[in-house]
Amino acid sequence: MTNHDVLCVYAAMGDLTTQMVAAANASDWEHLQDLEQRMTAHVAVLKASEGMVRLEGEQRARKATLIKQMLDNDRKVRDLITPWMAQLSRLINSTGTERRLVNAYGGV
């Protein structure tokens, strides 16, 4: 893997996180999951190969900029999905409580 290849992977990951923000904004959870899987694949590539590459100067600064972009997008995705996750948790707990009541007292 060359320096250029590494930066291309980081750029692709930056694009993916931008798409993840759009998917979360649209509540398109399946697409978000697909994007997360694609992101995981890129991370695996970097883990396997990035250690052999040494970035310096502008390349290092570009990598830092891309990582900052990814972190900003990750925060946006978390801000968007946290309320949905809380709502889903309440729904699951409500269903679980209802099921326990039915099991304890029988259906009406």
A.B. asks: Provide the closest heavy-atom pair for L16 versus L35 in the form atom of the first, atom of the second, distance.
C.D. replies: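 So the minimum-distance heavy-atom pair works out to CD2-CD2, 3.7 Å.
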A.B. asks: Does T17 reach the side chain of M39, with side-chain heavy atoms less than 4.5 Å apart?
C.D. replies: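 In short, these two side chains touch, coming nearer than 4.5 Å.
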A.B. asks: side-chain contact (heavy atoms from CB on, under 4.5 Å) between L66 and K68: does it pass, once the steps are laid out?
C.D. replies: CA-CA 5 Å; L66 290 166; K68 183 180 181 311; over 6 Å; no
A.B. asks: Side chains of L7 and L55, heavy atoms from C-beta outward: is any pair under 4.5 Å?
C.D. replies: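 Side-chain contact under 4.5 Å: yes.
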A.B. asks: Partners of R62 by salt bridge (Lys or Arg N to Asp or Glu O under 4.0 Å), sequence neighbours excluded?
C.D. replies: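 Expected list: none.
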A.B. asks: Hey, is CD on E58 packed in by over 12 heavy atoms from elsewhere, all under 6.0 Å?
C.D. replies: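 Not buried by this count: 12 neighbours or fewer within 6.0 Å.
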A.B. asks: To the closest 0.5 Å, what do you measure between CG (L91) and OG1 (T95)?
C.D. replies: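 It comes to 4.5 Å.
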A.B. asks: With the side chain counted from C-beta on, respond yes when L32 and E30 share a heavy-atom pair under 4.5 Å apart, and no when they do not.
C.D. replies: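 L32 does not reach E30 side chain to side chain.
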A.B. asks: Show your working on side-chain contact (heavy atoms from CB on, under 4.5 Å) between V9 and M1 and close with a plain yes or no.
C.D. replies: CA-CA 10 Å; V9 172; M1 182 172 249; 3.8 Å; yes
A.B. asks: Taking the side chain as every heavy atom from C-beta outward, state whether Q69 and D72 have any atom pair closer than 4.5 Å.
C.D. replies: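 No - every pair of side-chain heavy atoms lies 4.5 Å or more apart.
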A.B. asks: Charged N to carboxylate O below 4.0 Å: is that the case for E50 and K63?
C.D. replies: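 K63 and E50: salt-bridged.
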A.B. asks: Do V6 and L46 come close enough that some side-chain heavy atom pair is under 4.5 Å?
C.D. replies: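 Yes, side chains in contact.
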A.B. asks: Rounded to the nearest 0.5 Å, how far does CE of M13 lie from SG of C8?
C.D. replies: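 Interatomic distance, C8 SG to M13 CE, rounded to 0.5 Å: 13.0 Å.
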A.B. asks: What I want to find out is whether E56 reaches R54 closely enough, with some N-O distance under 4.0 Å, to be called a salt bridge.
C.D. replies: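 Judged by the 4.0 Å cut-off on N to carboxylate O distance, E56 and R54 do form a salt bridge.
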A.B. asks: Suppose we screen for side chain to side chain donor-acceptor pair (under 3.5 Å). Which residues come up paired with K76, at least two apart in sequence or across chains?
C.D. replies: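 For K76, no residue satisfies side chain to side chain donor-acceptor pair (under 3.5 Å) once neighbours in sequence are set aside.
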A.B. asks: Is there a side-chain contact (heavy atoms from CB on, under 4.5 Å) between Y10 and M70? Walk through the geometry before answering.
C.D. replies: CA-CA 9 Å; Y10 275 102; M70 287 185 270; 3.5 Å; yes
A.B. asks: Using the side-chain contact (heavy atoms from CB on, under 4.5 Å) rule, take D74 and M20 through it: C-alpha gap first, then chi angles, then the decisive distance, then the call.
C.D. replies: CA-CA 8 Å; D74 182 63; M20 291 168 72; 5.9 Å; no
A.B. asks: Measure the OG1-NZ distance between T40 and K47 for me, rounded to the nearest 0.5 Å.
C.D. replies: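 Between T40 OG1 and K47 NZ, I get 9.0 Å after rounding to 0.5 Å.
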A.B. asks: Would you please test T18 and D15 for side chain to side chain donor-acceptor pair (under 3.5 Å) and show each step?
C.D. replies: CA-CA 5 Å; T18 299; D15 289 342; 5.3 Å; no
A.B. asks: For the atom pair CD (Q59) and CG (N3), what is the distance rounded to the nearest 0.5 Å?
C.D. replies: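 With rounding to 0.5 Å, CD (Q59) is 4.5 Å from CG (N3).
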A.B. asks: Quick check: does any side chain N or O of S94 sit under 3.5 Å from a backbone N or O of R90, one acting as donor and the other as acceptor?
C.D. replies: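 Here the side-chain-to-backbone pair does not exist.
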A.B. asks: Linking I/L/V/M/F/W/Y whenever any side-chain heavy atoms sit under 4.5 Å apart, do M85 and I92 land together?
C.D. replies: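 Yes; tracing contacts between hydrophobic side chains, which count when under 4.5 Å, links both residues.
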